[in-house]
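Positions are given from 1 along the sequence. For ligands, and for the atoms within them, numbers begin at 1 and follow the listed sequence.
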Amino acid sequence: MKLLAVIAALSVVKRIGGTWSPCCEALKSTSLRDQVFDPNSTQYRQSIESYWSQDVRLHPTCIVQPYSPADVSQAVSTLVQANDHRPHCQFAVRSGGHSTVPGANNIHPGVTLDLSNLNATAYDPATSTASIGPGAHWDSVYSILFQHGVAVSGGRASNVGVGGLVTGGGNSFFAAQYGLVCDTVVNFEIVLADGRIINANRTSHADLWKALKGGSNNFGVVTRIDLEVFQKDQFWGGVVSYDNHTMPQQASALVNFTNHIVEDPYASLIVMLQYTANADTNLVTNALHYTEPVAYPDAFDAFYDMSNVSDTTRFDTLGAFTDELNQAADFHNLFLTLTFKNDARVIQYAADLQNGIIEDAKAYVKSTNYTLNTVFQPFPALFGKIGLYLIDWSWENEADNEFFNDRGYRVMQEVQACAERLRAEYRFIYLNYAGPGQNPLQSYGEDNLIELTRVAKKYDPHGVFQTQVPGGFKISQA
Ligand SMILES: Cc1cc2nc3c(=O)[nH]c(=O)nc-3n(C[C@H](O)[C@H](O)[C@H](O)COP(=O)(O)OP(=O)(O)OC[C@H]3O[C@@H](n4cnc5c(N)ncnc54)[C@H](O)[C@@H]3O)c2cc1C
Ligand SMILES: *[C@@H]1O[C@H](CO)[C@@H](O)[C@H](O)[C@H]1NC(C)=O
Ligand SMILES: *[C@@H]1O[C@H](CO)[C@@H](O)[C@H](O)[C@H]1NC(C)=O
Ligand SMILES: *[C@@H]1O[C@H](CO)[C@@H](O)[C@H](O)[C@H]1NC(C)=O
Ligand SMILES: *[C@@H]1O[C@H](CO)[C@@H](O)[C@H](O)[C@H]1NC(C)=O
Ligand SMILES: *[C@@H]1O[C@H](CO)[C@@H](O)[C@H](O)[C@H]1NC(C)=O
Ligand SMILES: *[C@@H]1O[C@H](CO)[C@@H](O)[C@H](O)[C@H]1NC(C)=O
Ligand SMILES: *[C@@H]1O[C@H](CO)[C@@H](O)[C@H](O)[C@H]1NC(C)=O
């Protein structure tokens, strides 16, 4: 990855668009007229403020907020037709708005299709599925399903959105048991570029159903996701923090945990090295969850041996555990990710690199409130024994964007180089954690990319979701 390419990509995001007001006018001349909002409206302001990260609060020319799949179809058809007459009705698709990639879930200039109102969750006991609107946040999904004694695989932070997480893969507390969240999708309802509303599932449009499991916004606008449900009552888990001198022990405990995860798929672990500037604390903060009602399961034995400084482990609901893992909104953010083979040396190296940034940051940055979080987690067993690495940094002052972006990309490159030296590199880049300039779709491998390209051409022959929806990770640019 070249830093210059990233900066170029960011400036392209700012320039794309073209003539736009006719596009909003076209929408206003349809039955959607009362759902199209210009920059002076309260709805527009609220929609922009509801993006998790400051960095993606672009100002679209207008925002359209559909209430139904038919509304989405109307909006897509209108924008595609308006585009035929006057080029450049570019648009973005937004569900929960948690992606930190500028231009992926919003656009300037252009139209943002905000799916926030498509947020219902309906449980069907007859089929053991839940039909969920892509604009839902996981907190509402979990609380509605809990009333029926059931749950689904989904986000581990309750304010994250459904649409992006599921179409990008989805790691969850249940990953070792059920795979990625997208593996539990029974059916996607999707609006295609020509306005058709179709179902993609095992028996109907199966190629599209598979492509949507990780293919993100390259095929259409997903308007409903049907997930498998399972019985789930309270279980055990919480957040345990340790002094950072335990990091070497944490790294070997994590490696052993990942090696044995298939033997006990109820256990879920996230290890985070977290420097918090306003408190000046550098802690290892772990999320330990065991999705059965068993306290202190053996899977975490090596972690009980280290003395902790705080511990919230308890029996509780999925909803409460995911509330606990929410991260504060309204910051500037950097998410960058890699995977590598399960190797404690790479983990320790990545931890040391973050520690090395702290003094530098104290000397340079304007933000008083910032968090440097390096996150390690096992990736689901189907990928083998792979560690998922995430740089998750947040800061309050925009003036520090250059500092943190520069350091973040450099750290990532050094971790990659370390993994290569140790022959522990792995090609997979997780789309939902990837930053600008990273290429997760290419990392799926050549055969998968060829198939994704074929499916995109089949369902979107004119490439609407490649060029008219320019944001996010594009097959045509992979
Ligand atoms: C605090 C925090 C915690 C997180 N925890 C987890 C976790 O536990 N597990 C995990 O796997 N990930 C996690 N993530 C990452 C998360 O999966 C991504 O940020 C994801 O994009 C969020 O989904 P969203 O609906 O909010 O996305 P948005 O930002 O709305 O969209 C992201 C991308 O998906 C596309 N998209 C969204 N909806 C649709 C749709 N209906 N049809 C077509 N394309 C669509 C958008 O165009 C955009 O490119 C977390 C992120 C944060 C910030
Ligand atoms: C928004 O408000 C500004 C100033 O009040 C006004 O000039 C502009 O025409 C308004 N825009 C729209 C689209 O209503
Ligand atoms: C869906 O969104 C609407 C509008 O934001 C909100 O009032 C409602 O409570 C949400 N419903 C659920 C189930 O979250
Ligand atoms: C699959 O799609 C077909 C065609 O729309 C539909 O009849 C069927 O019910 C769908 N299956 C599931 C499991 O949703
Ligand atoms: C703990 O953090 C400090 C900086 O806060 C760092 O200097 C030290 O090397 C870290 N210890 C370990 C074992 O990583
Ligand atoms: C590794 O994990 C297994 C399974 O949890 C455990 O039995 C074993 O004692 C652990 N080994 C070490 C060195 O911690
Ligand atoms: C955290 O430390 C306390 C006090 O030593 C101990 O009782 C508790 O078991 C520890 N928690 C975990 C999860 O190891
Ligand atoms: C600093 O950020 C935390 C969230 O990480 C927030 O709770 C706190 O209010 C912020 N403090 C200031 C002074 O902004």
Would you tell me whether His98 and Asn105 have side-chain atoms, one donor and one acceptor, within less than 3.5 Å of each other?
-> no

Is there at least one pair of N or O atoms, one from Asn282 and one from ligand 5, spaced under 3.5 Å apart?
-> yes

Do the charged groups of Lys366 and Asp400 touch, with an N to O distance under 4.0 Å?
-> no

Polar proximity ligand 4 side, Asp226 side, N/O cut 3.5 Å exclusive = no

Looking only at N/O atoms, are Asp352 and ligand 5 under 3.5 Å apart anywhere?
-> no

Heavy atoms only: give me the nearest Glu228-Val152 pair and the separation to one decimal.
-> O-CG1, 3.4 Å

Describe, in one word, how the ring planes of Phe235 and Phe321 are oriented to each other, choosing from parallel (under 30°), tilted (30 to 60°) and perpendicular (over 60°).
-> tilted

So among Asp330, Leu334, Asn333, which one has a side chain to side chain contact (heavy atoms under 4.5 Å, CB included) with Ser53?
-> Asn333

Enumerate the pairs of nitrogen or oxygen atoms, one from ligand 7 and one from the protein, separated by less than 3.5 angstrom; state names and distance to 0.1 Å.
residue: ligand 7; atom: 2 (O); partner: Asn308; partner atom: OD1; Å: 3.0
residue: ligand 7; atom: 2 (O); partner: Asn308; partner atom: ND2; Å: 2.3
residue: ligand 7; atom: 9 (O); partner: Tyr296; partner atom: OH; Å: 3.1
residue: ligand 7; atom: 11 (N); partner: Asn308; partner atom: ND2; Å: 3.0
residue: ligand 7; atom: 11 (N); partner: Asp311; partner atom: OD2; Å: 2.7

Subset of ligand 4 atoms that lie under 4.0 Å from at least one heavy atom of Val186 = 13 (C)

Backbone N/O of Arg410 and side chain of Gln413: donor-acceptor pair under 3.5 Å = no

Verdict with supporting geometry, Asp360 and Lys362, salt bridge (charged side-chain N to carboxylate O under 4.0 Å, His left out) = CA-CA 6 Å; Asp360 201 12; Lys362 282 181 183 168; over 6 Å; no

Atoms of ligand 4 less than 4.0 Å from Asn199 heavy atoms?
-> 2 (O), 5 (O)

For Asn244, take its heavy atoms, then give the atoms of ligand 5 lying under 4.0 Å from any of them.
-> 1 (C), 2 (O), 3 (C), 8 (C), 10 (C), 11 (N), 12 (C), 13 (C), 14 (O)

Side chain to side chain, Trp393 and Val411, heavy atoms closer than 4.5 Å = yes

If we number the atoms of ligand 4 from 1 as shown, the ones under 4.0 Å from a heavy atom of Asn201 are 1 (C), 2 (O), 3 (C), 8 (C), 10 (C), 11 (N), 12 (C), 14 (O)

Tyr349 six-ring centre to Arg421 NZ/CZ under 6.0 Å and within 45° of normal | yes

Can you list the atoms of ligand 4 that are under 4.0 Å from a heavy atom of Asn187?
-> 14 (O)

Give a yes-or-no answer on whether the side chains of Tyr370 and His332 include a donor-acceptor pair shorter than 3.5 Å.
-> no

